[in-house]
Amino acid sequence: MKKDRRPAVILLSGGLDSTTCLALAKKDGYLGFALTFSYGQRHEFEIEAAKRIAGEMGTEEHLISEINLRSFGGSALTSNLEVPKDTLDSNDAVGIPITYVPARNTIFLSFALAWAEVLNARDIFIGVNALDYSGYPDCRPEYIKAFENMSNLATRIGVEGGRRIKIHTPLIAMTKADIIKTGTALGVDFSLTRSCYDPRRNGDPCGHCEACQLRLKGFMQAGIKDGLTYPEDTKS
């Protein structure tokens with residue numbers, strides 16, 4: 001470990017939120033240990049994006065953990081259900097969307113917690129957002145607080161270490177535009193990131209799923225050009 005720098009586990013999906021989260025952790029002086037999941041998601045191009053980002057941003061280590069959430073299904077991201085398109089401003093977009101993956105952040109944070117114990121780290125970063133998001137219940141501040149409390153009850157480092165485990169959510173109150181501006185100021189190359197839930201065969205974004213629409217709206221509001229290639233019929 002580098003002297004006077006604390007290790008932190010950063011959940012890195014390969015998207016713009018988690019990449020900005022990694023940049024913020026590095027800015028704050030943490031040693032970044034990036035954790036990515038191959039969980040049976042249809043948008044697996046994000047895994048390759050995470051590899052490139054971890055390499056470009058100089059993480060201490062990058063682990064890719066395999067979990068087969070497709071065996072449960074229950075989401076358009078982990079089954080053959082259709083990914084909804086062009087629903088961002090639609091009246092049809094009510095309730096928790098079909099792109100919600102059951103218990104995903106709980107599973108991801110549990111793995112991050114296990115690795116943090118091994119690293120003797122007390123800091124975990126996750127790029128959840130409670131403003132420009134899709135209504136997922138595991139992105140809310142009260143959920144993060146509850147998981148943090150559980151972490152300090154259920155781990156050796158929390159019980160015996162004399163130090164509290166902290167779940168950092170630096171993006172939780174930012175708009176997508178704010179996140180893009182923040183990442184840009186920190187030198188993040190967003191052309192390396194991938195956000196699309198239903199990418200084309202070459203990995204380019206579909207331009208019509210909610211993740212694409214939120215991303216495009218964020219870049220437009222930030223006044224910054226997105227470096228990805230979208231279909232001609234995409235509305236920006």
Side-chain angles (χ1 to χ4, degrees), residues 2 5-67 77 101 104-105 107-109 111-112 115-116 119 121 123-129 132-133 139 167-172 174 176-200 202-206 209 211-212 214-216 218-219 222 224-230:
K2 295 182 176 65
R5 294 181 64 193
R6 297 210 309 261
V9 176
I10 295 101
L11 292 175
L12 181 66
S13 70
L16 66 84
D17 291 347
S18 65
T19 303
T20 302
C21 204
L22 171 59
L24 285 167
K26 288 176 63 66
K27 172 182 172 289
D28 289 343
Y30 289 94
L31 294 171
F33 289 80
L35 179 58
T36 300
F37 294 94
S38 174
Y39 61 92
Q41 66 269 50
R42 69 165 71 211
H43 52 308
E44 61 183 13
F45 279 101
E46 68 176 7
I47 299 170
E48 293 304 315
K51 289 179 183 178
R52 292 192 296 271
I53 291 160
E56 288 286 333
M57 295 182 67
T59 56
E60 298 299 305
E61 191 174 347
H62 181 211
L63 288 185
I64 299 174
S65 185
E66 295 192 4
I67 314 169
L77 304 189
V101 179
R104 180 174 60 179
N105 280 347
I107 294 166
F108 288 1
L109 282 169
F111 274 63
W115 197 20
L119 294 170
D123 298 282
I124 297 170
F125 283 76
I126 181 170
V128 294
N129 177 264
D132 285 347
Y133 78 122
C139 289
I167 310 295
H168 298 262
T169 57
L171 314 183
I172 196 100
M174 291 188 186
K176 193 68 72 177
D178 290 336
I179 293 167
I180 291 165
K181 288 177 182 178
T182 298
T184 299
L186 293 172
V188 171
D189 181 357
F190 284 120
S191 70
L192 296 176
T193 66
R194 293 294 182 271
S195 304
C196 183
Y197 288 155
D198 193 23
R200 292 177 282 172
N202 65 355
D204 285 345
C206 74
C209 69
C212 281
L214 281 170
R215 179 180 175 122
L216 284 164
F219 273 100
I224 297 170
K225 181 176 173 55
D226 190 353
L228 301 187
T229 302
Y230 292 87

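Note: hydrogens, waters and symmetry copies are ignored here, and every other heavy atom, side chains too, is used. These numbers come from a predicted model, not from an experiment.
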Review point. Between Tyr30 and Phe125, what is the ring plane arrangement, given parallel below 30°, perpendicular above 60°, and tilted in between?
Key: perpendicular

Check your understanding: CD of Glu60 to CZ of Arg5: how many Å apart, nearest 0.5 Å?
Key -> 6.5 Å

Check your understanding: Could you give the distance from CG (Leu11) to CD1 (Ile167), rounded to the nearest 0.5 Å?
Key -> 8.5 Å

Check your understanding: How would you list, by chain and number, every residue that makes a ring-ring contact (aromatic ring centres under 6.0 Å, His included) with Tyr230, sequence neighbours excluded?
Key -> none

Study note, to complete from the structure: Sorted by chain and residue number, the side chain to side chain contact (heavy atoms under 4.5 Å, CB included) partners of Ser195 (sequence neighbours excluded) come out as Leu16, Arg215

Exercise for review: Please identify each residue that fulfils side chain to side chain contact (heavy atoms under 4.5 Å, CB included) with Glu56, with sequence neighbours left out.
Suggested key: Leu192

Check your understanding: Of all residues at least two apart in sequence or in a different chain, which pass the side-chain hydrogen bond (donor to acceptor under 3.5 Å, both in side chains) check with Ser65?
Key -> none

Practice item. Supply the atom-to-atom distance Leu31 CG to Glu61 CD, rounded to the nearest 0.5 angstrom. Key: 12.0 Å

Exercise for review: Report the residues that fulfil ring-ring contact (aromatic ring centres under 6.0 Å, His included) with Phe108, sequence neighbours left out, ordered by chain and then residue number.
Suggested key: Phe37, Tyr39

Exercise for review: Have a look at Cys139 and tell me which of Thr169, Asn129, Asn105 forms a side-chain contact (heavy atoms from CB on, under 4.5 Å) with it.
Suggested key: Asn105

Exercise for review: Please check if any side-chain donor atom of Ser13 sits under 3.5 Å from a side-chain acceptor atom of Ser18, or the reverse.
Suggested key: yes

**Study point:** Contacts of Asp189 that satisfy salt bridge (charged side-chain N to carboxylate O under 4.0 Å, His left out) - sequence neighbours left out
**Key:** none

**Study point:** Interatomic distance, Trp115 atom CH2 to Ile124 atom CD1 [nearest 0.5 angstrom]
**Key:** 11.0 Å

Practice item. Drop me the distance from Thr20's OG1 to Ile179's CD1, to the nearest 0.5 angstrom. Key: 6.5 Å

Study note, to complete from the structure: Those residues at least two apart in sequence (or on a different chain) that pass side chain to side chain contact (heavy atoms under 4.5 Å, CB included) with Ala222 are Ala177, Ile180, Lys181, Ile224

Point to revise | Qualifying residues under side chain to side chain contact (heavy atoms under 4.5 Å, CB included), relative to Ala54, sequence neighbours excluded | key: Leu12, Thr59, His62

Point to revise | With sequence neighbours excluded, residues passing salt bridge (charged side-chain N to carboxylate O under 4.0 Å, His left out) with Arg52 | key: none

**Study point:** salt bridge (Lys or Arg N to Asp or Glu O under 4.0 Å) contacts touching residues 23-47 (sequence neighbours left out)
**Key:** Arg42-Asp198

